[in-house]
Asker: 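The structure's right below; bear with me while I get my questions together.
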Amino acid sequence: MNKIVDWVGDNYGLVWSLTVSHIWLTLIPTVIGLLVALPLGWWAYRSRRSYTPIVGIAGLFYTVPSLALFIFLPPIIGTKILDPINIVLALTIYTVALLVRVVADGLASVPVDTVLAARAMGYRTWQILFLVELPVAVPVISAGLRVAVVSNVSIVTLAALLGISQLGSLFTQGLQLQLYGPLVSGVVMCVVLAVIFDVAIQVANRLATPWRERIVTS
């Protein structure tokens with residue numbers, strides 16, 4: 001245990017820089033994936049004919065092994081194997097694959113009476129979507145987003161096998177040098193990041209849906 005603490009004390013700068021890289025490689029594809037999944041999920045929700053092909057094709061992308069995707073993307077998009085863009089694009093694909101169904105099902109969960117009431121009040125289609133359907137669907141979408149961001153925190157570590165620096169680099173370093181310090185610190189920081197992201201999304205969900213607490217309280 002003392003050796004692990006000593007290693008972390010001697011290398012806290014390295015751990016911090018790898019943590020920052022890990023955060024960016026997780027957050028950027030998560031945000032982009034959400035922005036892409038929102039219109040696709042809305043399309044799948046609005047058109048019953050489109051639901052099955054859109055959700056089905058998106059789900060198929062999630063079955064592609066992440067390491068294989070990291071290797072196949074560079075020749076397809078013209079980047080180098082060590083380019084972080086490969087990781088961002090791959091995780092964006094996984095995020096979209098997870099969230100398209102979530103967005104479509106979240107919009108479908110909005111009570112019909114609520115939509116009809118908004119339409120009776122004179123709301124236009126886009127107003128119903130942005131002012132009624134999306135806000136009501138926020139809890140469902142945020143639940144899917146929590147799964148996506150925690151999954152991305154884990155998948156990013158595989159990029160270390162390609163030489164892209166982030167917390168996964170501590171795993172490869174620990175294995176090569178037969179040291180527990182890098183391994184333990186890498187695992188701990190990944191868990192900490194996953195918990196922080198998860199809590200942040202839950203807080204954002206509560207702030208975006210204040211009426212839910214009033215409903216529960218009443």
Side-chain angles (χ1 to χ4, degrees), residues 22-63 88-156 190-218:
H22 203 101
I23 290 173
W24 285 114
L25 288 173
T26 300
L27 279 184
I28 292 175
T30 302
V31 173
I32 296 175
L34 175 62
L35 295 177
V36 174
L38 283 172
L40 288 176
W42 172 82
W43 185 12
Y45 158 69
R46 293 288 295 182
S47 173
R48 291 185 178 276
R49 290 184 178 180
S50 301
Y51 180 89
T52 300
I54 292 176
V55 172
I57 292 173
L60 282 177
F61 280 110
Y62 201 75
T63 65
V88 171
L89 182 56
L91 292 183
T92 299
I93 293 173
Y94 285 134
T95 304
V96 172
L98 273 173
L99 293 183
V100 166
R101 180 191 292 273
V102 170
V103 173
D105 293 347
L107 293 173
S109 70
V110 179
V112 177
D113 292 344
T114 303
V115 178
L116 292 177
R119 187 166 291 124
M121 294 173 64
Y123 281 36
R124 298 180 179 179
T125 302
W126 66 269
Q127 289 176 313
I128 293 175
L129 173 63
F130 288 103
L131 301 178
V132 178
E133 291 177 315
L134 274 178
V136 175
V138 162
V140 177
I141 296 174
S142 67
L145 192 60
R146 291 170 59 191
V147 175
V149 74
V150 171
S151 175
N152 285 346
V153 169
S154 175
I155 295 176
V156 166
C190 283
V191 172
V192 169
L193 283 184
V195 171
I196 290 174
F197 287 141
D198 187 68
V199 171
I201 293 174
Q202 291 186 61
V203 172
N205 176 38
R206 291 179 181 176
L207 294 176
T209 58
W211 63 85
R212 297 185 72 231
E213 293 188 2
R214 289 198 292 269
I215 292 174
V216 172
T217 302
S218 61

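From a predicted model like this one, the values you see are computed outputs, not experimental measurements.
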Asker: Is there a side-chain contact between L145 and L99 (heavy atoms, below 4.5 Å)?
Answerer: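 With C-beta onward as the side chain, the pair touches.
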
Asker: Please assess L193 against I23 for the test side chain to side chain contact (heavy atoms under 4.5 Å, CB included), listing each intermediate value before the final yes or no.
Answerer: CA-CA 8 Å; L193 283 184; I23 290 173; 3.7 Å; yes

Asker: Might you point out which heavy atoms bring V136 and P111 nearest each other, and give the distance in Å?
Answerer: CG1-CD, 4.3 Å

Asker: Please report the interatomic distance NE2(H22) to CG(L27), rounded to the nearest 0.5 Å.
Answerer: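 With rounding to 0.5 Å, NE2 (H22) is 10.0 Å from CG (L27).
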
Asker: Side-chain contact, heavy-atom cut-off 4.5 Å: V115 with Y123?
Answerer: no

Asker: Does some side-chain heavy atom of D198 sit less than 4.5 Å from a side-chain heavy atom of V149?
Answerer: no

Asker: Taking the side chain from S142 and the backbone from V138, do they hold a donor-acceptor pair closer than 3.5 Å?
Answerer: yes

Asker: Supply the atom-to-atom distance Y51 OH to R101 CZ, rounded to the nearest 0.5 angstrom.
Answerer: 4.5 Å

Asker: Would you name the heavy atoms of Y62 and S151 that are closest together and state the gap between them?
Answerer: OH-OG, 3.0 Å

Asker: To the nearest 0.5 Å, what is the distance between CG (N152) and OG (S154)?
Answerer: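 One finds 9.5 Å between CG of N152 and OG of S154.
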
Asker: Taking all heavy atoms of P139 and all of T209, pick out the closest pair and write down the distance.
Answerer: CD-CG2, 4.0 Å

Asker: Which heavy atom of A97 sits nearest a heavy atom of A58, and at what distance?
Answerer: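 The answer is CB-O, 2.9 Å.
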
Asker: Rounded at 0.5 Å granularity, tell me how far CZ in R46 sits from OG1 in T125.
Answerer: 6.0 Å

Asker: Could you go through V88 and W24, starting from their C-alpha distance and side-chain angles, then the distance that decides it, and tell me whether this counts as side chain to side chain contact (heavy atoms under 4.5 Å, CB included)?
Answerer: CA-CA 9 Å; V88 171; W24 285 114; over 6 Å; no

Asker: Using a 4.5 Å cut-off on heavy atoms from C-beta on, say whether the side chain of V100 contacts that of W43.
Answerer: no

Asker: Can you spot which of I128, L38, V110 makes a side-chain contact (heavy atoms from CB on, under 4.5 Å) with L134?
Answerer: L38

Asker: How far apart are the C-alpha atoms of V102 and L98, what are their side-chain angles, what is the distance that settles it, and do they pass the side chain to side chain contact (heavy atoms under 4.5 Å, CB included) test?
Answerer: CA-CA 7 Å; V102 170; L98 273 173; 5.9 Å; no

Asker: Locate the shortest heavy-atom distance separating T95 from P29; write the atom from each residue and the value.
Answerer: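 Reported closest heavy-atom pair: OG1-O, 3.7 Å.
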
Asker: Looking at every non-hydrogen atom in both residues, tell me the closest pair between G106 and S109 and how far apart they are.
Answerer: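 Scanning both residues, the minimum pair turns out to be O-OG, 2.5 Å.
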
Asker: CD1 of I141 to CG of L107: how many Å apart, nearest 0.5 Å?
Answerer: 5.5 Å

Asker: Could you measure the distance from the CD1 atom of I54 to the CH2 atom of W42? Nearest 0.5 Å is fine.
Answerer: 10.0 Å

Asker: So T114 and V132, side chain to side chain contact (heavy atoms under 4.5 Å, CB included) or not? Walk me through it.
Answerer: CA-CA 8 Å; T114 303; V132 178; 3.6 Å; yes

